[in-house]
Each structure stands twice: as C-alpha cells, then as structure tokens.
Colleague: 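My questions will all concern the structure given below.
Just the heavy atoms: all of them, side chains too, but no hydrogens, waters or symmetry mates, feed the values below. Residue indices begin at 1 and follow the sequence shown.
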Amino acid sequence: MNTTVINSERSVAGTVIAEIFLIFVCISAIIGNTCMWIIIYRTRKLRTISNAFILCLNSADWLVSVLNMPTTVVALALGRWPLSSQACQVFGFFNMFTLVQSVLSLCNISINRYVIVCKPFRFPSIYTTKRSIMMIIVCTSISIIISTPPLFGWAEYGYVDTQFYCFCLWPKSPSYAFFMIGVCFGIPLTVMAICNVLIFTAVQASKKRTARSSRSSMAISKNISIQESSSDTEVQTKAEKEKPKLENKKERKHVDMVDVQVEMSDSNTETNDVKKRLSKLPSNKVKAEDVRLALALAICVVCFFISWFPFCISMLIGIYAPNSVSNDFHLATLLIGYSNSCMNPVIYGIINKRIGKGFKDLFCRCRCCKEEKL
C-alpha cells in the first residue's frame, strides 16, 4: 500500500519536472531561433550563403519548438494524446521530418565549412546562389521522402505512451528503424566527422605555415634592410668619388643630388621588386573568422550527437527489450533530444561575434521599449 503511494508520488513529481523542463526548452528554442532569423535578416554582413544553411537548421528547430514540444506538454499533463489518430499521424510525420531536416542541415553546413576552410578558391564557383538554393531544396526534399514511408505502409505513425508524443512505432517495423539509424544518423554523422577532421587538420597546417612564413619574412626583411643601408653608403661614397670639379659650387651641389637620387632609385626598385614578389605569393592562411565558425559547427555536431544518441538507444531497447528499463528513461531520452533545439542559437551567439552583438542589440532594444512603456 505504501509502495504504491510512493511510486505514484514519484511519477507525479517526475511528470511535473518533465513539464517544467520541456516548457523552458520550448520557450528558449522559440525565442532563440526566432532571434537568429531577425538578426541575420537585419544585418547585411550576415546575409551570406553559409548563414542560409544555418537558417535551415534553425527553421527545423523552430518547428520542433512550435509543433512538437507543445503537444508533448499537453499529453504529459493529460496522460494521453489529446487529438485524433489522424492528427497523431500528421504530428508523427512532422516529428520525423524535423529530425531528419536537422541532421541533413548539419551535414550541409559541415560540407560548406569544409569547402570554405580547405578549398577557399573553389568556394565561389561551388556555392553560387542558384546552387545553394538547390542544395537547400534537395535537403528538404530528402527529408520529406525519408519521412513518408510510414504513411504508406512501411512502419506506422502512432502515439508512443512511454514518451507522450506521436512518432514512428518502431517495434512494428524494425527494418525501417535500422534504415533510419543508417540514413538519418550513420551516414550524415560520418560525413560530419570527416569534414570536421579535415577542417581541424587544415587549421593546424595553416598555423604551421603561418609560423614558417613569419620567420622567413622576418629574415627577408632583415636582408632587405641590410641591402638598403649598404646601398646607401655605397651611393654616397660613389657620389663623392665621382664629383666633377666644377667651379660653381651651386652646380656641383645640384649634380651631386641628381647622382644620389639616380643611384637610390635603382637600389629602391630592386628592393621594391622583392617586396612585390613576396606580396603576390598565394596566402594559405585560414581566416580567424572561418576557424571560429568551424568551431561553432563542431560544437553543434557534438551537441546533436550527445542529445539524440540516447534516443537511438531508447529506440533499440523499445524494439528488442521493451520492459528492461523504466518509462522515465524513455521520456528522459526524448527530453534530452528536444533540448538540442535551443542549443544552436546559444552556441553561435557565443562564438560568432556578429551574431552575439546582434543578440545584445536586440535584447537592449526590447528592454528600452519596455522602459519607455513604463
């Protein structure tokens, strides 16, 4: 008797904690992803092709926070699905679509960062406006295609009572579950890992090249300064030796100055030629801003993996050992996955200085507007 009361109290407490956590994540994700759109739209320097791919990721996270999370909060409060079975299939499709869209958007961003850092000379020809739009359309189309099989008989969308939301019923179709693990997680995460490793390798190589070029440039500049000083002394001595013995002192001074200027101009042209050749050498240095954005991407990829990997474990447990763990574990894996929707704006706001400044300006304006109303 006592144990049943304790268990019910624990379940109620766990449900309240889960609801509070999910409401906080939902509000944070809506505000953060909406602000990202506003900041990039209002800042001209942020309206780039690379940020267009980031906005696709933000759009998927925004849909999760607007459509998926609120229905889960209501289902948690009621203990059941509040809408019809047809609506459950629609929400299940959107849950799957937003998850696949997030993964493929991260994959798109990883390839984009790889080209910027490792193949900067090929970036303008690869990422034209038309091609970038086509990449986004293809990414969205693949997400829709991958999410439709449960609507046509391969697997089924329904209410998952252990996680209080509508999604694919994995035990009814393990083949689709393994297909999704491979296509939605295995292949994209492998591509992301390869891209990030190549970016890290390119950054390290760039640092070494920069250190070597700085040492060589210092040595060349020393040689140039020595040559300039020696040429100055040689010109002066040569001018003194070859002075014509003119009676008029003014003419003598004039001739001396002309000779010195001619000799100085000859020596300066040689040093200037060396400097021009050095300046025209191709620079393999990776820009600091590109490094920061690559770091932000790497953090986003790691956070996505950490957030959704437990959900994959829960999915496999639900197929092969449905009663081996508690329902709280399954619910916790979903909440951790949902929390990823509010992480990306925070990561880019901290690492990207322009986006961080945009967040500060936006919040300062909102605060000023509130103070004016009061």
Colleague: Determine whether L362 and R42 satisfy the following criterion, side-chain contact (heavy atoms from CB on, under 4.5 Å), listing intermediate values before the conclusion.
Modeller: CA-CA 10 Å; L362 197 61; R42 289 176 55 186; 3.3 Å; yes

Colleague: Out of Y165, F91, F167, which residue meets the ring pair (Phe, Tyr, Trp, His ring centres under 6.0 Å) rule with W81?
Modeller: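 Output: one option passes, namely F91.
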
Colleague: Just how far is it from atom OG1 of T34 to atom CD1 of I38, taken to the nearest 0.5 Å?
Modeller: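 Answer rounded to 0.5 Å: 6.5 Å.
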
Colleague: If you count heavy atoms of other groups shown closer than 6.0 angstrom to CZ of F329, is the number above 12?
Modeller: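 Yes - once you tally the heavy atoms of other residues, nucleotides and ligands closer than 6.0 Å, there are more than 12.
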
Colleague: Rounded to the nearest 0.5 Å, how far does OG1 of T128 lie from CZ of F123?
Modeller: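 The distance works out to 10.0 Å.
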
Colleague: Please check if the number of heavy atoms outside F179 that lie under 6.0 Å from its CZ is greater than 12.
Modeller: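 Result for CZ/F179: enclosed.
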
Colleague: For the residue pair N344 and D61, confirm or rule out a side-chain donor-acceptor distance under 3.5 Å.
Modeller: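 Per modelled atom types, N344 and D61 side chains form a pair under 3.5 Å.
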
Colleague: I need the I319 CD1 to S314 OG distance, nearest 0.5 Å.
Modeller: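 Going from CD1 on I319 over to OG on S314, the span is 10.0 Å.
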
Colleague: Among pairs that include at least one residue of residues 147-170, which meet salt bridge (charged side-chain N to carboxylate O under 4.0 Å, His left out), considering only residues two or more places apart or in two chains?
Modeller: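 Non-adjacent pairs meeting salt bridge (charged side-chain N to carboxylate O under 4.0 Å, His left out): E156-K172.
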
Colleague: Any chance the side chains of N51 and T48 put a donor and an acceptor closer than 3.5 Å?
Modeller: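 Checked: N51/T48 side chains pair up, N/O donor to acceptor below 3.5 Å.
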
Colleague: Please name all residues satisfying side-chain contact (heavy atoms from CB on, under 4.5 Å) with K360, sequence neighbours left out, ordered by chain then number.
Modeller: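 In terms of side-chain contact (heavy atoms from CB on, under 4.5 Å), with neighbours along the sequence ignored, K360 is linked to no residue.
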
Colleague: I'd like to know if the side chain of S50 pairs up with that of N112 as donor and acceptor (distance under 3.5 Å, no hydrogens or angles considered).
Modeller: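 S50 vs N112: donor-acceptor pair found between side chains.
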
Colleague: With P188, which of V301, V100, N108, V103 fulfils side chain to side chain contact (heavy atoms under 4.5 Å, CB included)?
Modeller: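 Among V301, V100, N108, V103, the one that satisfies the side chain to side chain contact (heavy atoms under 4.5 Å, CB included) with P188 is V103.
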
